[in-house]
Every structure is written in C-alpha cells, then in structure tokens.
Amino acid sequence: MPRRSGDILPARFVAMRNLPVFFGCALAASALAQVGVTTPAAYRGVMTVVDGVYVTPIPNIPMTATVDISSMRILPDGTQELRKTLNEIARDSRGRIYNERRAMVPVTFEGKSSLQSAHIFDPQTRQSVFLNPHTHLAREMTLPDAGNRPVSESGIPPAPHGAAVEDLGQSNLAGVNVHGVRYTIQIAGIASGTGKPLQIKDEYWYSDQLRLNMMVVHDDPRTGQQIVMIKQVSQREPDSKLFQVPEGYRVVDETPVQTAPPSREAAPRGSVAPVGTTPF
C-alpha cells in the first residue's frame, strides 16, 4: 500500500490544476488505494499531486530505493518551470512498506528537500500509519481485510479506451530488467483546449522481479512532462526502524469503531425504529 512518493501527474483523465509544493494529503489517498493490491495502479494523468511510486506490499521481495521525480511544467507565458524531488521507499521480507513524500523544489536546489509525510503499512496486521513530521503525529488505522484479490500477470496498467499501444520491449533500469509499453491518445482540436489536435503519451516500465513500475513518463504538450523513476535499488533487507513509529511521535488510533447492525427481532411489530436505523 503507497506513490506513492512527488508533485504533478499526467493528464489522461483529470484536468490540470496548480502545481503544489506540499502534498501530504495525497499520500493517504494513494496508500489506502493499495490495500491488498499486488500490482501497481495505473498512472492516472495530470493531477494536483504526483502519486509517486506505488510500492506493492508483497512478502519475500525486500528492497530499498530512491525515487527521482521531475516535472517540466509549461507556464501560461510559454516558459518552463522545472522542479524535482527525491523520495525514499522500502519493503521488507514481511511485505511491510515505507514510502515518503518530500517537497518539490526548483532544479537548482541542492540537498534533500523537506519531508512532508511518510506512510508505513504492514500487510500481515493490516496496520496503516501516516506520519506527519510537522506535528509529530502518527495516525494509525487497522484496515479491514480486502479478501483475496486476483493477481495480474503484468503490473502495466491496461490501455485507456481508444489509445494506441506500442510495445517498447525489454530494457534495464537501475540494474533491474524491465518491460516497457507506450500508450498514445489522440485528442481532437475541439476537445484539446488549444484548438489544435494533440497527442498525450504515457510510458510504463515494469519490473516483474520487483513488482514495481520502475519508470513512468507522461508527456502532454499542454502541461509538459513528468517523470517518476526508481534509482539506487538495493535488494537487501532494509532497516527495521523504517517500519516503526519514530520516537517523539504521538500515536492516534483512527480505526473506525465497528457497530453491530440492528437485529430484526429487536423491534416488536408496529414499533418505531430508532433514529438512524431503517424500519423493517
């Protein structure tokens, strides 16, 4: 469950909005979407926030890596805004995952940008924890069992409706074998917002070995290009401290309280059902 690790995503289905520098809330959405999922989700198009890397909570495939996210955004005056960030991800042999988000910064920035949020998930206990380094708050939740979901033979998402599909073959990224595919969508001038027809392209480079998208590239002439790439991969067991709440954090349990549904035999015939229930 992560993307995830960044800022600005591709625009296949969602309209472009302002590029934010901070993105803690999106981590929760992308992480919750990964519950019980064993293959990366589709790259959803240009959004306010880049989901980053989708770290699948799969046991027996330990790894640590750096996620390099870069964004070239075309501004209204035609100039380009270049931003970047580096996020750390990890997964241990138990399938526990760690995913972080750091601020997108100008490409001239040196060093590591500020940590905005982090996420820890344990697929065995189904415990999900979101860390806020600004408030030192750890929001903890035990998620319901998602059941056995089918495992796709490939982590590359299916082609969008009407997209042309190009098999890019095999390659190697960060010492990992990957298989690439490119989806191209033709947008008519009447629907492009520019008055001219254009092409939107998305590339996915998936590793069967790590069960991750090692690189995703989105290119839209209206908004620019976004690249999410996994680098510096180590397949050694990560430090167990990554999957623990750091010292000094206050843990808040946000697991929803389970309430039993009203019994059909509880209310006598002709009685009025309590407020908030449905009469039988």
Side-chain angles (χ1 to χ4, degrees), residues 2-23 25-27 29-30 32-34 37 39-54 67-85 104 106-107 150 152-171 173 178-207 212-230:
R3 184 184 308 180
R4 317 172 185 145
S5 327
D7 196 283
I8 283 202
L9 263 190
R12 283 213 308 264
F13 313 113
V14 186
M16 177 71 177
R17 290 174 288 196
N18 293 329
L19 176 70
V21 175
F22 304 105
F23 35 74
C25 294
L27 179 60
S30 65
L32 289 175
Q34 295 188 69
V37 179
T39 55
Y43 217 44
R44 296 177 297 174
V46 169
M47 299 178 62
T48 304
V49 175
V50 174
D51 280 340
V53 168
Y54 188 97
V67 181
D68 187 326
I69 300 178
S70 61
S71 172
M72 185 279 289
R73 179 187 176 197
I74 302 175
L75 300 177
D77 62 2
T79 59
Q80 296 180 354
E81 178 187 65
L82 304 178
R83 304 183 78 83
K84 66 176 183 178
T85 194
M104 295 289 285
V107 293
S152 171
E153 294 182 1
S154 172
I156 297 177
H161 178 71
V165 181
E166 181 182 356
D167 191 324
L168 301 178
Q170 304 294 321
S171 187
L173 294 173
V178 293
H179 175 225
V181 65
R182 178 186 295 127
Y183 299 146
T184 302
I185 301 176
Q186 305 287 343
I187 306 295
I190 192 173
S192 69
T194 66
K196 300 179 181 180
L198 54 84
Q199 293 183 337
I200 298 175
K201 298 182 178 181
D202 289 283
E203 285 186 20
Y204 300 86
W205 292 90
Y206 179 75
S207 165
L212 295 172
N213 280 322
M214 294 293 292
M215 182 168 71
V216 179
V217 181
H218 174 77
D219 204 335
D220 185 331
R222 299 165 298 182
T223 56
Q225 184 181 74
Q226 296 82 40
I227 301 175
V228 179
M229 181 184 298
I230 296 180

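For clarity, every value in this text was computed on a predicted model and none was experimentally measured.
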Looking only at heavy atoms, what is the nearest atom pair of [X] and [Y], with distance?
X: Leu198; Y: Pro221; answer: CB-CG, 4.2 Å
X: His218; Y: Ile200; answer: CE1-CG2, 3.4 Å
X: Val178; Y: Gln170; answer: O-OE1, 3.2 Å

Greater than 12 external heavy atoms within 6.0 Å of Ile190's CD1: no
side-chain contact (heavy atoms from CB on, under 4.5 Å) partner of Ile69, the single match among Met104, Met229, Gln226, Lys84: Met104
Stepwise side-chain contact (heavy atoms from CB on, under 4.5 Å) check, Leu173 with Ile230: CA-CA 8 Å; Leu173 294 173; Ile230 296 180; over 6 Å; no
Exam field: side chain Asp167 to backbone Gly169, donor-acceptor pair closer than 3.5 Å: yes
Pair listing, salt bridge (Lys or Arg N to Asp or Glu O under 4.0 Å) test, anchored in residues 179-193, at least two apart: Glu166-Arg182, Arg182-Glu203
Quick check for you: to the nearest 0.5 Å, what is the distance between [X] atom [atom1] and [Y] atom [atom2]?
X: Met214; Y: Ser171; atom1: CE; atom2: OG; value: 10.5 Å
X: Ile227; Y: Asp68; atom1: CD1; atom2: CG; value: 8.5 Å
X: Asp220; Y: Gln225; atom1: CG; atom2: CD; value: 11.0 Å
X: Ser207; Y: Leu212; atom1: OG; atom2: CG; value: 6.5 Å

Pair Leu168-Trp205, side-chain contact (heavy atoms from CB on, under 4.5 Å): steps then yes or no: CA-CA 9 Å; Leu168 301 178; Trp205 292 90; 3.5 Å; yes
